[in-house]
Amino acid sequence: MNLTEAQLAHLILAFHEGTLSADERQQLDNHILEHPEISEDLEPHPILSLSNESYNGPSLVRSQLENLEVYQSEEGHPYDKLAIGSLEGVLSQQEDVYEAQLMHDEVYLDFKKRVQQTQLKPNKSIVYPFQEQLLKEAPIRAFSFKKYVYPVGAAAAIFTAILLVNQNASDPSSLKPIQKGVASNKSVVQQTNGKKMATTLKPSPLKNTHQSVTHIHEVVSQVPRDCILPLPDEPIAQEAYAQNGIGNRPNQELSTPNPTAEQHGSNTEPQAQNSPSAFAKEPITVKAFLLQKTNEKLFGTAAPTTDLKLETFARYASQTVGIPVQYRVEEMTDSDKIVFQLGRFSVERNRSKK
Amino acid sequence: MTVQQYNECVREFADRLYRFALKNVGDTDLAQDFVQDAFERLWVRVDSVDYQRVKAYLFRTVVNLQIDRARRQKLQYQHLSGLSDAIEEPRVAHDVQKLIDEGVAQLTEIQRMVLTLRDYEGYSYQEIAEMTNISVDQVKVYIFRARRFLKQYIGKMEVLI
């Protein structure tokens, strides 16, 4: 019995699949007896694994790659665009899918391998040879003056205003007591040095100021360097005025316990009796002298009280800033009321009397 | 920025700036000058430069120095490059790194600059665009062309070898 090729194929496949019927098996057996060479086809077929079932042919997504978003404006092979975009990390999600589909495409893998080779890697062995010369040790003068301009300017203006106000308000003669031979009655400095001067300067019948200058140098050579020099022309001027009636009239309140002065002016005695306590003090330092002079300039007295300081500052602030600023102390029977006013706001506080 | 921070910048970025400059200009003396100029400018403006942005400032300075130099010496550069092509000996490159170095040397100035900024320092397209005063798209194009050229150059040279 002769079978056609199609019939034979059907019988062999049915044999391998196990669906051969009895009649078909009889037909196949008869055909094998006549044609023994087909018995090889009845041997078991190789079993195909899943890995062998994957598609290894040319990519099917090439047409889709024509519409790549990455480097769309540039001409070039889609694989170049995809590989370079992948290396740069700028692929879109869809392009990532395309690339995943191409991961078995040897052509694309070769593209990608070559593109990855173009990534430059710095040679760490190359170093800048003069690095130490670039290092700096000098400190940076990073002080910024800009933010201090306005506060310092305002402070300078206030200070200038204070000086001008004080100069106008005070007696011109008190500003230059040494030149005029008149001691300020507010200066503790001169009072403290009065005794020194009185003990150092021997009363002598001086006739002119030139001799008094000579005497000053003698005194200077005797006193310590950090002491405030006395005003030597004070008793000298007193003597000159008492004896000859020349020169400026000395300040009677600050007359020294000089015996010569006591002989010529009876009106100086009460003040001279009150002053020894001040004269008994030691010579003060430069710092204390400056402090006293500053207080005199600012507050009109060498030893201002806290209330006086606050009132003065408030007045200056009010004049400078333009906002009503006031500090005052209202005396009451059993306590003092302190009032501080800044613009519309005011703070009141009672302070018991000492 | 304090002196300590400035010195940290020197230790951190001097070598990287030098490599970047050397890769681009191919001249050690010139690269050293660029690095020195960059840090001198930083020192002059040390009070105004933010420490967080000092890296970008330094690289931008070197980029500007390269651009200025390229503009000043354009004609001379073209003449020298033509001369070097004429006397160039046949190259024998046996590894990919040498091939890449040769290929990088043949890139245009701007392509080489953006590619080194991208690969050496990992700057984004946006940062490179700000440094080089070109658009982000242009940066992408330059990088794409540079990579494509290098890829083709490597492939061609390997075939020849």
Side-chain angles (χ1 to χ4, degrees), chain A residues 65 68-92 95 106-148, chain B residues 1-11 13-23 28 31-32 35-36 38-40 42-43 46-48 96-97 99-101 103-104 112 115-121 124-125 137-138 140-141 143-155 158:
Chain A
L65 292 177
L68 285 177
E69 298 174 9
V70 62
Y71 306 119
Q72 193 170 15
S73 60
E74 278 297 291
E75 292 182 357
H77 194 281
Y79 281 9
D80 267 340
K81 295 182 180 182
L82 201 62
I84 294 174
S86 175
L87 179 66
E88 294 290 323
V90 292
L91 293 181
S92 64
E95 288 162 350
E106 292 182 359
V107 179
Y108 175 72
L109 292 178
D110 183 59
F111 269 72
K112 189 168 184 177
K113 177 187 172 186
R114 291 191 181 280
V115 167
Q116 284 177 340
Q117 287 176 342
T118 66
Q119 188 166 24
L120 306 180
K121 294 172 184 174
N123 186 357
K124 297 290 180 64
S125 64
I126 299 175
V127 295
Y128 183 64
F130 308 112
Q131 190 180 109
E132 293 301 319
Q133 295 179 5
L134 296 176
L135 299 175
K136 304 288 184 182
E137 294 181 356
I140 303 173
R141 300 185 184 280
F143 185 77
S144 177
F145 292 95
K146 291 183 179 178
K147 58 183 179 182
Y148 298 106
Chain B
M1 194 166 62
T2 63
V3 178
Q4 288 76 16
Q5 289 175 331
Y6 170 85
N7 289 336
E8 286 177 12
C9 293
V10 171
R11 295 187 184 95
F13 300 123
D15 293 340
R16 294 160 71 173
L17 275 176
Y18 179 62
R19 289 183 207 119
F20 170 71
L22 184 61
K23 193 72 174 178
T28 56
Q32 289 170 7
V35 174
Q36 189 175 359
F39 279 103
E40 279 184 1
L42 174 64
W43 180 250
V46 69
D47 292 336
S48 57
V96 175
Q97 190 56 46
L99 284 177
I100 291 174
D101 290 342
V104 169
R112 189 164 52 239
L115 192 64
T116 47
L117 283 173
R118 178 73 175 171
D119 286 351
Y120 277 17
E121 299 301 326
S124 67
Y125 291 150
D137 290 337
Q138 199 65 33
K140 289 180 182 178
V141 167
I143 289 177
F144 173 78
R145 290 178 182 175
R147 291 205 190 283
R148 191 176 59 178
F149 172 81
L150 290 177
K151 169 182 162 294
Q152 292 172 351
Y153 183 82
I154 294 168
E158 282 183 346

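Order of the sequence lines sets the chain letters (A, B, ...), proteins ahead of strands, with each chain counted from 1.
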- [ ] Measure the CZ-CG distance between B:R118 and A:L87 for me, rounded to the nearest 0.5 Å.
- [x] 8.5 Å
Task: B:D119 versus A:L120, closest heavy-atom pair with distance - done: OD2-N, 2.8 Å
Task: CD1 on A:I84 to CZ on B:R145, rounded to 0.5 Å - done: 11.5 Å
Open item on the list: Taking the side chain as everything from C-beta on, heavy atoms only, tell me whether A:P129 gets closer than 4.5 Å to B:Q32.
Closed with: yes
TODO: Report the distance from atom CZ of B:F39 to atom CD of A:Q131, rounding to the nearest 0.5 Å.
DONE: 7.5 Å
Task: Side-chain donor or acceptor of A:Y128 paired with backbone N/O of B:F13 under 3.5 Å - done: no
Open item on the list: Taking the side chain as everything from C-beta on, heavy atoms only, tell me whether B:R147 gets closer than 4.5 Å to A:D80.
Closed with: no
Open item on the list: Out of B:Q4, B:E121, B:R11, return the one with the most heavy atom pairs under 4.5 angstrom to chain A.
Closed with: B:R11
Task: Contacting region of A:N123 [heavy-atom separation from chain B under 4.5 Å] - done: backbone
TODO: Inspect the contact between B:K140 and A:E88 and indicate whether a charged nitrogen and a carboxylate oxygen are less than 4.0 angstrom apart.
DONE: no
TODO: Could you walk me through whether B:Q36 and A:F130 pass side chain to side chain contact (heavy atoms under 4.5 Å, CB included), step by step?
DONE: CA-CA 9 Å; B:Q36 189 175 359; A:F130 308 112; over 6 Å; no
Open item on the list: Measuring from atom OH of A:Y71 to atom CG of B:D137, what distance do you get when rounded to the nearest 0.5 angstrom?
Closed with: 11.0 Å
Open item on the list: Nearest 0.5 Å, please: how far is CD1 in A:I126 from CG in B:D15?
Closed with: 10.0 Å
Open item on the list: For A:V70, which atoms come within 4.5 Å of any heavy atom of chain B: side chain, backbone, both, or neither?
Closed with: neither
Task: Which portion of B:F20 sits near chain A, non-hydrogen atoms under 4.5 angstrom - done: neither
Open item on the list: Taking side chain as everything from C-beta outward and backbone as N, CA, C, O, which of these in B:L22 sits under 4.5 Å from a heavy atom of chain A? Side chain, backbone, both or neither.
Closed with: side chain
Open item on the list: If you compare all heavy atoms of B:Y120 against all heavy atoms of A:K121, which two are closest, and at what distance to 0.1 Å?
Closed with: CE1-C, 3.7 Å
- [ ] Would you give the length of the straight line joining atom OG1 of A:T118 to atom CZ of B:F149, rounded to the nearest 0.5 angstrom?
- [x] 12.0 Å
- [ ] Give the member of B:G103, B:A14, B:A21, B:A146 that has the highest number of heavy-atom pairs under 4.5 Å with chain A.
- [x] B:A14
